[in-house]
Student: 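Input: one structure, supplied below.
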Amino acid sequence: MDMWTITIIGVSTVFLALISLSFVLMLFRFIFAPRRTVKPSAKSMAQATPAVTTSPDGTIIAVITAAIAASTGHSAASFRIASVEAVGGFNTPAWGYIDRLARAVHGRQANI
Amino acid sequence: MDMWTITIIGVSTVFLALISLSFVLMLFRFIFAPRRTVKPSAKSMAQATPAVTTSPDGTIIAVITAAIAASTGHSAASFRIASVEAVGGFNTPAWGYIDRLARAVHGRQANI
Amino acid sequence: MDMWTITIIGVSTVFLALISLSFVLMLFRFIFAPRRTVKPSAKSMAQATPAVTTSPDGTIIAVITAAIAASTGHSAASFRIASVEAVGGFNTPAWGYIDRLARAVHGRQANI
Amino acid sequence: MWQNILEFLQSTGFAGFADSTMMIGGFIPGELIMLLVALLLLYLGIAKKFEPLLLVPIGFGMLLVNLPLGGIMTPPVGKDTAGLVWYLYQGVKLGIYPPLIFMGVGSMTDFGPLIANPKSLLLGAAAQLGIFVTFIGANFMGFEMKAAASIGIIGGADGPTAIYLTSKLYPDLLPAIAIAAYSYMALVPIIQPPIMKLLTTKKERMIVMDQLRDVSKTEKIIFPIVVTILCGLLLPSAVPLLGSLMLGNLFRETGVTARLSDTAQNALINILTIFLGVAVGATASADKFLQLETLKIIGLGLAAFSVGTAGGILLGKLMNVLSGGKINPLIGSAGVSAVPMAARVSQVVGQKENPGNFLLMHAMGPNVAGVIGSAIAAGVMITFLG
Amino acid sequence: MWQNILEFLQSTGFAGFADSTMMIGGFIPGELIMLLVALLLLYLGIAKKFEPLLLVPIGFGMLLVNLPLGGIMTPPVGKDTAGLVWYLYQGVKLGIYPPLIFMGVGSMTDFGPLIANPKSLLLGAAAQLGIFVTFIGANFMGFEMKAAASIGIIGGADGPTAIYLTSKLYPDLLPAIAIAAYSYMALVPIIQPPIMKLLTTKKERMIVMDQLRDVSKTEKIIFPIVVTILCGLLLPSAVPLLGSLMLGNLFRETGVTARLSDTAQNALINILTIFLGVAVGATASADKFLQLETLKIIGLGLAAFSVGTAGGILLGKLMNVLSGGKINPLIGSAGVSAVPMAARVSQVVGQKENPGNFLLMHAMGPNVAGVIGSAIAAGVMITFLG
Amino acid sequence: MWQNILEFLQSTGFAGFADSTMMIGGFIPGELIMLLVALLLLYLGIAKKFEPLLLVPIGFGMLLVNLPLGGIMTPPVGKDTAGLVWYLYQGVKLGIYPPLIFMGVGSMTDFGPLIANPKSLLLGAAAQLGIFVTFIGANFMGFEMKAAASIGIIGGADGPTAIYLTSKLYPDLLPAIAIAAYSYMALVPIIQPPIMKLLTTKKERMIVMDQLRDVSKTEKIIFPIVVTILCGLLLPSAVPLLGSLMLGNLFRETGVTARLSDTAQNALINILTIFLGVAVGATASADKFLQLETLKIIGLGLAAFSVGTAGGILLGKLMNVLSGGKINPLIGSAGVSAVPMAARVSQVVGQKENPGNFLLMHAMGPNVAGVIGSAIAAGVMITFLG
Ligand code: NA
Ligand code: NA
Ligand code: NA
């Protein structure tokens, strides 16, 4: 097959695929989120940050981040706490985690 | 071999194995823990938590957990700090860890 | 080949390699660090710690370590925070991390 | 060039539907149905939170393999490389992933409640009844013996064990059995309570059990070693599963191998769970999955869970009588495994009758015993049929 | 014994230089030049921070393979084991690492900005123009078609895609293409701005775009599934790359598979990045790398990036006109991928004209669309040439 | 049916003891003894904290392989799959795990003290004397040359190096050599001090050394590259071990590859340590391990550590004289490797004479030099005997 055919089919396929996808995504807007469009005044670049800080979900992170940032004088953006994890996975119950946590620090077994 | 034989031998083997184990575990009680049985009044479901909180081993965890929980308004059971680790493993000395910790944050080398 | 030959060549090679390396390292001193030799009075074993604590790089670590140590009564050397990581890697921008962090705790999506 | 475009169009998956090896009703390609099944699994995993760590990869693997001409499970031919998931699948086929996943499970499991109450082990044995009753039932329903054993193991309520046994005995049933096992595990809070209430009296359900004794660190260290030796000598074919489970538990308990325990229960188990889930899902080609057998397996799996639950409860009742009323039979149902879901169900059902009753820790004993029990049952099946 | 010592000296790498298969100018062993190239790569990665996660392992792999007689890439012969990196290389050769790395990339990628602004996808398509123009250019420069396709994919600005395609079509070019791709990705902040300024007016660059709408969690979950099915049906050969990318993204978005997402984007991607980088670097033996082709590839790679940038910008201009001035064409250049570097460049160039203008989130849409676009382009190449 | 039950009983491990290939004294099956040896290793690892990260997996692997009929190390036969640990063992046999573990070790190692004091390297060389003296001794005791070299490397006090060399030269000795190496590393605080006191005067032990100079980040980055090139050219067969060690160290020091360093020293090294430990333990079948050779190896290993310690101390004394009394010979013993245990011993022994004396950082130089030194010694052995 010659290169022109490949190029023509290639460019067409890329556009066809992505245009199809964009049609699907336009449907998304009507199916999933008709009333959710809000337009806050975008004053700062931190478009993401306010959402995190003000949503109830983000509170705990914001507090931890701010606390560490405040106590060290570094900007909150320059580091992250990688390992605050939600309890979950493989259904291990909470007492399992607490137990493991205790042993992780002390290398000893907390009797439960 | 027919399915009945397999079933009879199968059920017998499962019971035989677990009954043997349970005899061994009954020995455990006499060998390892004759004087350790305590009966606190079990008022709450959190049978595990008091042990962790009151044992000297659990103190540090309890403090960290409580501190973060208090400052964020979330229950202590809903998250865990996964990575407070005991110093150890492959014999790397403490100075190694401190050094690595410093570099992990700043991407720079602390001269030692 | 007899064992004596192997031994002689072996010992020679080990010394030759490590002596060559040590010559290269002697060059290092002149190339890289001519003015950096300082001689603080080495009073304590903690030769590594002061460098970390006083260098601007080490400040944040020192503060976090000290804070946790202070609030728990454990020595700072007995544990480490393994996961304060520099933002970086695969070029993921800061907003990505904050987003992920939020979801990691709550298992929910912060809309950004 | 128009010829080329036509050829290109024939290489798309849309065209691939037309070449499907399995046309349902003569015109619906089986792959299309399978895509819907895959979407259903993803829905159950994500929206209904049915064991999402497994059902999401399994569902996605099923989706990938049923995109026509995708070739994700093609074996290597001559010097052509195989499909991506075919490589991942080798770890299932060779029996490598399930034991290593079990190692992670072991490092997440606390056998303390079991050590504190050895009688739990009997309940963990009784709840394996579902395995064998279903094995017989599947035989009667016309499955050949290897298939019947694989179906029976669904009653073990333990994913890695079920996948390990099926991959050894009857790999064609892998997706159906894995999906049934994980779905019913997720459904334990719905399946078990009616059976538990039917088989117990209100008085039995209200029994408050004695506080468990403390278990020393030494006992927890010796336990996995003893289990390995004892069960390993009794049933050599259970060594890969039980040995790995116990090695993981040993890493957890020694106090000096926290690094290894941590990796076994995080990075390693997660990597292998992804690989295993996608690979198992990708064995679900239309011609293998869209069979009457699959429906039968789903039905038999439910029976297996129910009989196992009943077995545990009934032995619990007997033990209660023998012990003079000191054992709440509700903890028996936890013996099916499905850790720790089944133990939580015991707690919830018990607390409904008697709000001050805390059965969770007592039910954890039979619960973890059930893991050992079903691994032994799998070992028996491998010994006879493997 | 002196004989033995002599033989030992002949087994050193210094002596190995003398047996080099490639003497440049008749007396400089090619390996020596390659060591310098490796040092240059390490310098770029470490001191200049050019994609260090890839260029450091690649540079080191190149260094190891060019130490004469080190045998780190020797294939197995008879019962002799192979060199260490030969084993690691099998994961590249069999097409395993790039899709799994893509899974990690997927679990690091937020498609929210793309979902919020579906028109981004067109820009992500237009920026793939660089791939095809370079493919034609490489054909004209005398490369055979498989090599030309591999070179063209550099314009996709996406490492795993480039390595996957090249390992399928023309493995000899792996190191040159990988190095060119990662270097130009690192150089995006230098390559793109002049082109962006040349092709846009100051007025266009100052356009402030509308705030993006909120995207719900449900949309983010459905998106990867839709992409997999739609693109997988259209182009089966793109399934390994796109499917893995989308599986990783699904792990990220479900909210119930955080463990898997975490491992995919940390332990798993890091392990595979090390293996892939060292293995790709170790394919750079002197006789394969020290060719005129390598220079041509570096030149063509630059063209690919430039044309891709221009393609995105020009379609951005057109869309701006059609939308009545609501689209800042600067976000088009982000369509080349190089996530998130190219999007940051859009932000920086835009902010220079209008300090209150925040294009970053708008540019993230084309940016992640470009990843999908180049995976599809790679799929086309595999369909025709693989 | 009774026939079937009998057959089943004959498939248990208890019955397997009767078929043991090795009956000690005519009636004690070798496997039973091996189980006791395995329990001893677990005891040493857990209760005595002897290198538990290795001895726990090794002990458990030994336990698993000696459960009769467990088949955990059975190679594949025809279309039957192999035992679980046989697959894990391939990474040892092919020489893959030890270098990758070394990469993790490199990313945990700080070569700063060595760079600050290049003379340390001589001490790291002198302490390898134990390797060669033991090699000669093992030859005299009747071991064939490949076995003797593997035994000698115990004196390198470096686990991955010992396992790598032995797996290349004489795999039958793997468990004995690994166990001896790790046990003596754990016993360094007991083995070394008497030798150190015997060979040094109180005055020598009291010498306070000059503060080490600061080492810049640049030096730490260049160091691993220089070592790889220099030693790799001198001794190509050391490239897999040394190159990996130095790559890990480079990840650690660049400041831009923290992700890779983190994974190399956590998830990756832990996974491979589990696999390697279990696999090495599982090579300890009764017929290979319960030999007089094993006792000889344990004896020779102790000699190797002692001679290495003496070698380092004696060169330390010489260097002290030549430097005009500025070098404390106690840091020489750290040259055996056993990082950082041996350096701590130097510190402790020195501080006992002079409480204000801090030798730790000075001893870290020879300590990490010893790792390089024994890798080079292993390279020489492979060159001549591999
Ligand atoms: Na079970
Ligand atoms: Na792209
Ligand atoms: Na050494």
Side-chain angles (χ1 to χ4, degrees), chain B residues 1-52 54-55 57 77 80-92 97, chain D residues 114-126 128-129 131-133 135-136 138-140 145 148-149 208 210-216 218-219 222-223 226-227 230-231 234-235 238 256-260 262 266 347 351 356 358 360-361 369 372-374 376-377 379-381 383-385:
Chain B
M1 198 167 300
D2 74 308
M3 67 178 174
W4 300 109
T5 310
I6 291 178
T7 300
I8 290 168
I9 297 182
V11 173
S12 313
T13 307
V14 169
F15 270 95
L16 179 62
L18 296 193
I19 288 173
S20 320
L21 260 184
S22 91
F23 278 116
V24 173
L25 289 185
M26 282 168 194
L27 289 180
F28 271 31
R29 181 195 292 259
F30 296 101
I31 302 170
F32 295 108
R35 288 153 309 226
R36 298 196 55 182
T37 314
V38 281
K39 292 201 180 186
S41 61
K43 284 271 176 180
S44 79
M45 178 171 160
Q47 289 172 309
T49 320
V52 171
T54 56
S55 89
D57 308 336
R80 62 181 182 110
I81 299 171
S83 62
V84 177
E85 290 172 20
V87 165
F90 293 100
N91 277 330
T92 311
Y97 280 121
Chain D
L114 178 60
I115 300 170
N117 186 13
K119 286 190 287 285
S120 303
L121 282 157
L122 301 187
L123 297 169
Q128 308 316 315
L129 203 67
I131 295 176
F132 293 101
V133 169
F135 167 61
I136 292 171
N139 266 293
F140 276 119
M145 213 175 270
V208 176
D210 284 352
Q211 174 81 5
L212 291 176
R213 74 174 177 94
D214 267 9
V215 171
S216 69
T218 311
E219 290 170 276
I222 293 176
F223 177 77
V226 164
V227 173
L230 200 69
C231 300
L234 186 64
L235 199 63
V256 288
T257 48
R259 280 180 76 103
L260 305 184
D262 181 53
N266 288 298
Q347 160 74 19
Q351 207 159 25
F358 295 95
L360 183 62
M361 294 308 279
I372 301 175
S374 46
I376 291 173
V380 173
M381 297 302 192
T383 303
F384 286 124
L385 305 169

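Scope of the values below: all heavy atoms of this structure, side chains included, with no hydrogens, waters or symmetry mates. Reminder, nothing fancy here: chain letters follow the sequence lines and each chain counts from 1. Everything quoted here is computed from the prediction, not taken from an experiment.
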Student: Working to the nearest 0.5 angstrom, can you tell me the gap between Leu122(D) CG and Phe15(B) CZ?
Tutor: 7.0 Å
Student: Once side-chain contact (heavy atoms from CB on, under 4.5 Å) is applied, do any residues pair with Ser12(B), and if so which ones, sequence neighbours excluded?
Tutor: Ile8(B)
Student: Which residue, Leu234(D), Ile376(D), Leu230(D), forms the side chain to side chain contact (heavy atoms under 4.5 Å, CB included) with Leu21(B)?
Tutor: Leu230(D)
Student: Which heavy-atom pair separates Met3(B) from Asn139(D) by the least distance, and what is that distance?
Tutor: SD-CB, 3.2 Å
Student: With a 4.5 Å cut-off on heavy-atom pairs, point out which of Leu129(D), Leu235(D), Ile136(D), Leu114(D) contacts chain B the most.
Tutor: Ile136(D)
Student: If you count heavy-atom pairs under 4.5 Å between each of Thr7(B), Ile19(B), Val24(B), Leu16(B) and chain D, which one has the most?
Tutor: Thr7(B)
Student: Hey, does Glu219(D) have a side-chain heavy atom less than 4.5 Å from the side chain of Arg29(B)?
Tutor: no
Student: Output all residues satisfying side-chain contact (heavy atoms from CB on, under 4.5 Å) with Leu27(B), sequence neighbours left out; order by chain, then residue number.
Tutor: Ile31(B)
Student: Please flag which part of Leu385(D) lies under 4.5 Å from any non-hydrogen atom of chain B: side chain, backbone, both or neither.
Tutor: side chain
Student: Considering only heavy atoms from C-beta outward, does the side chain of Ile9(B) approach that of Phe384(D) to under 4.5 Å?
Tutor: yes
Student: With heavy-atom distances below 4.5 Å as the criterion, would you say the side chains of Val14(B) and Phe132(D) are in contact?
Tutor: yes
Student: Show the nearest heavy-atom pair for residues Pro118(D) and Ser22(B), with the distance to one decimal.
Tutor: O-CB, 3.3 Å
Student: Which bit of Ala116(D) comes within less than 4.5 Å of chain B, counting heavy atoms only: side chain, backbone, both or neither?
Tutor: backbone
Student: Can you tell if the side chain of Leu25(B) reaches within under 4.5 Å of the side chain of Leu121(D), non-hydrogen atoms only?
Tutor: yes
Student: Would you say Met145(D) and Ile6(B) make side-chain contact, with heavy atoms under 4.5 Å?
Tutor: yes
